[in-house]
Amino acid sequence: MYNFRFSIPTTIYFGKGQISHLSELSDYGSKVLLVYGGGSIKRNGIYDTAMKIMNDAGLTVMELPGVEPNPRIETVRKGVDLCKKEQIDMVLAIGGGSTIDCAKAVAAGAAYDGDAWDLVLDPSKITGALPIFSVLTIAATGSEMDKFAVISDMTKNEKWGTCAEAMKPTMSILDPEYTYSVSRRQTAAGTADMMSHTFENYFTKEPGCDVQQRFAEGLLKTMIKYGPVALKEPDNYDARANLMWAASHAINGLISDGSKPTWCVHPMEHELSAFYDITHGEGLAILTPVWMEFVLRKDPSVVRNFAEYGRNVWGLSGEDEAKIAKDAIAKTRTFLFETMGLPSNLRAVGIDSTENFETMAAKAARKSVGSFVPLTRRDIVEIYQAAF
Ligand code: NZQ
Ligand code: ZN
């Protein structure tokens, strides 16, 4: 296990009615920039509740609405301009990962003397940020408790993740009831995303990280148990609560610190989103089983990892490691595509040509160096083609 520094400065208020803690924002100043998406928070009433609490606390609220799924740099720039012009004290995101990521980039951009895109390309330029708060409305990315923000410039087909300690939220409110209104499709995509975060951290060759590995298996079992329940019963509190809390821990360092994983399915998916603006979790679901099969073929030594996954997550048994590994991947496939009803190939999400695969693979390959099984540009083209 490598040395590490584990630090989560985010205060979490978890459960029903915890939104009342928004009144604590007045400890951080008087002017809030409220960042939100396409309107779900107005339809389900969270907007009105939040506004009342903040008004009662004497806060002045300015708004940045309309954050896109796969948030755009143009929206970030708008937010940064507002912060600078109105001397905003803090940024509050109410929504999903896209909204929170946009709010983080705005908060960092407000403390930077230059174009916010610089901060997306070069995290070392993030030297500070306004305090960031979030009310999470969909269980998926873990942005509510991590240091990452993923921003797109669709004019250049670029989507990159940036990160900084300064972008870890100060406080996040996680009320599982707020996720009751998430659609079947987004519930499934969110479950695939949190599972992918867990896989990216779990599949590593670093020995001796038993704590991280066993935590990861517990998270995966929880996601596999409750994803289908949330689809069938959208207002099942325990299902929504467990998914929400599992998603936060999949990416906050708990299961990755100490084993230095390098993610590689995410870079491949980010290229799909950058070129085709698809839903992140759906892209991950399509790529994951194909990636698993590919790396098992390319590097047979990882059969151990997949057999361990099969035994500890899926309860498979027997002496034949190769068989357990194969069966575990088959179980993953069935879970994502049949149980959760996620799209199973790239054509199903509207990608009808292979013309960009080479360009996308070249970009994704730069990120895959040093991963569990490093992938070359050729390998990635092959994975895209198999997923097509
Ligand atoms: O925009 P609104 O109207 O709010 O609707 C959203 C959006 O259409 C809707 N939604 C959210 N909460 C809802 C709801 N609809 C009804 N009821 C609710 N309670 O769901 C749709 C998707 O929202 P979005 O925020 O895009 O989803 P998600 O949380 O999956 O975020 C995806 C983005 O996060 C990035 C992805 O790349 C993508 O850009 N990621 C961020 C990460 C991070 N910060 O750590 C890591 C991830 O790997 C990921 O890359
Ligand atoms: Zn993700």
Side-chain angles (χ1 to χ4, degrees), residues 1 188 191-229 246 249-250 254-256 258-266 268-269 284-346 368 370-376 378-388:
M1 204 188 293
T191 305
D193 188 24
M194 61 181 91
M195 286 178 73
S196 177
H197 298 160
T198 315
F199 289 140
E200 301 264 29
N201 291 326
Y202 177 68
F203 288 110
T204 149
K205 286 184 177 163
E206 178 55 25
C209 295
D210 291 47
V211 173
Q212 294 88 328
Q213 297 278 297
R214 302 294 85 77
F215 272 139
E217 287 159 358
L219 294 175
L220 285 168
K221 285 166 87 163
T222 305
M223 295 162 189
I224 290 164
K225 172 175 175 183
Y226 283 114
V229 179
H249 288 299
L254 181 72
I255 60 168
S256 55
S259 66
K260 286 194 190 162
T262 304
W263 292 20
C264 68
V265 179
H266 269 68
M268 290 192 279
E269 192 298 309
L284 293 169
I286 293 165
L287 294 174
T288 293
V290 180
W291 167 80
M292 288 178 165
E293 282 153 2
F294 186 92
V295 294
L296 188 55
R297 264 199 320 276
K298 179 169 177 178
D299 178 356
S301 78
V302 301
V303 71
R304 261 180 276 121
N305 300 74
F306 285 99
E308 188 171 51
Y309 164 60
R311 286 194 180 101
N312 295 346
V313 175
W314 291 107
L316 300 173
S317 59
E319 292 303 312
D320 185 346
E321 295 234 304
K323 180 171 182 330
I324 298 175
K326 257 179 107 179
D327 289 351
I329 298 173
K331 289 256 181 208
T332 312
R333 199 177 260 289
T334 305
F335 177 78
L336 293 170
F337 304 142
E338 291 176 27
T339 312
M340 297 304 287
L342 284 150
S344 61
N345 60 60
L346 296 178
S368 150
S371 59
F372 174 57
V373 178
L375 301 174
T376 64
R378 278 278 100 238
D379 295 338
I380 296 174
V381 170
E382 213 175 295
I383 289 173
Y384 284 145
Q385 252 148 7
F388 185 69

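- Under a 3.5 Å cut-off, the side chain of Thr332 and the backbone N or O of Pro289 do not form any donor-acceptor pair.
- Residue Tyr202 forms a side-chain hydrogen bond (donor to acceptor under 3.5 Å, both in side chains) with just one option from Gln213, Glu217, Gln212, and that option is Glu217.
- Here the closest non-hydrogen pair linking Met340 and Ala188 is O-CB, 3.5 Å.
- Smallest separation of non-hydrogen atoms from Ala250 and Asn201: O-ND2, 2.8 Å.
- For the atom pair Leu296 CG and Lys326 NZ, the distance stands at 9.0 Å (nearest 0.5 Å).
- Side-chain N or O atoms of Lys298 include one that pairs as donor or acceptor with a backbone N or O of Pro374 at under 3.5 Å.
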Practice problem: Let me see the working for Leu375 and Met268 under side chain to side chain contact (heavy atoms under 4.5 Å, CB included), right down to the final yes or no. | Solution: CA-CA 10 Å; Leu375 301 174; Met268 290 192 279; 3.9 Å; yes
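- At a threshold of 4.5 Å between non-hydrogen side-chain atoms, the residues Ser259 and Met1 do not count as touching.
- Counting only distance, with no hydrogens or angles, the side chain of Asn345 and the backbone of Ile286 share no donor-acceptor pair below 3.5 Å.
- No side-chain N or O of Asp193 forms a donor-acceptor pair with one of Ser196 less than 3.5 Å apart.
- Nearest heavy atom pair, residue Val290 against residue Ile383, reads CG1-O, 3.7 Å.
- Ring-plane geometry between Phe203 and Phe372 is classed as tilted, the angle between the planes lying from 30 to 60 degrees on a 0 to 90 degree scale.
- A distance of 7.5 Å separates OG1 of Thr204 from CG of Asn305, quoted to the nearest 0.5 Å.
- Side-chain contact between Phe199 and Leu220: present, with at least one pair of heavy atoms (C-beta onward) separated by less than 4.5 Å.
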Quiz prompt | Test side chain to side chain contact (heavy atoms under 4.5 Å, CB included) applied to His197 and His249, step by step | solution = CA-CA 9 Å; His197 298 160; His249 288 299; over 6 Å; no
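- Counting heavy-atom neighbours within 6.0 Å of Lys205 NZ, excluding the residue itself, gives a total above 12.
- The two atoms that bring Cys264 and Glu200 nearest to each other are N-OE1, 2.9 Å, heavy atoms only.
- Within 6.0 Å of atom CZ in Arg304, 12 or fewer heavy atoms from other residues, nucleotides or ligands are found, so the atom counts as exposed in its surroundings.
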Quiz item: For Lys221 and Asn312, what are the C-alpha separation, side-chain angles and deciding distance, and is it a side chain to side chain contact (heavy atoms under 4.5 Å, CB included)?
Solution: CA-CA 9 Å; Lys221 285 166 87 163; Asn312 295 346; over 6 Å; no
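- Between the side chain of Arg333 and the backbone N or O of Thr288 there is no donor-acceptor pair closer than 3.5 Å.
- Applying the side chain to side chain donor-acceptor pair (under 3.5 Å) test to Lys260 and every residue at least two apart in sequence or in another chain returns nothing.
- The line from OG1 of Thr191 to CG of Leu342 is 8.0 Å long, rounded to the nearest 0.5 Å.
- Taking OH from Tyr309 and OG1 from Thr198, the interatomic distance works out to 10.0 Å, rounded to the nearest 0.5 Å.
- Counting heavy-atom neighbours within 6.0 Å of Phe337 CZ, excluding the residue itself, gives a total above 12.
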Exercise. Evaluate the criterion side chain to side chain contact (heavy atoms under 4.5 Å, CB included) for residue pair Asp379 and Thr376; output intermediate values, then yes/no.
Key: CA-CA 5 Å; Asp379 295 338; Thr376 64; 3.1 Å; yes
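- Here the closest heavy-atom approach between residue Ala285 and residue Ala192 is recorded as CB-CB, 4.0 Å.
- Between the side chain of Asp327 and the backbone N or O of Ile324 there is no donor-acceptor pair closer than 3.5 Å.
- Rounding to the nearest 0.5 angstrom, the gap separating the CH2 atom in Trp291 from the CD1 atom in Ile380 is 12.0 Å.
- Atom CH2 of Trp263 and atom CD of Glu269 lie 12.0 Å apart (nearest 0.5 Å).
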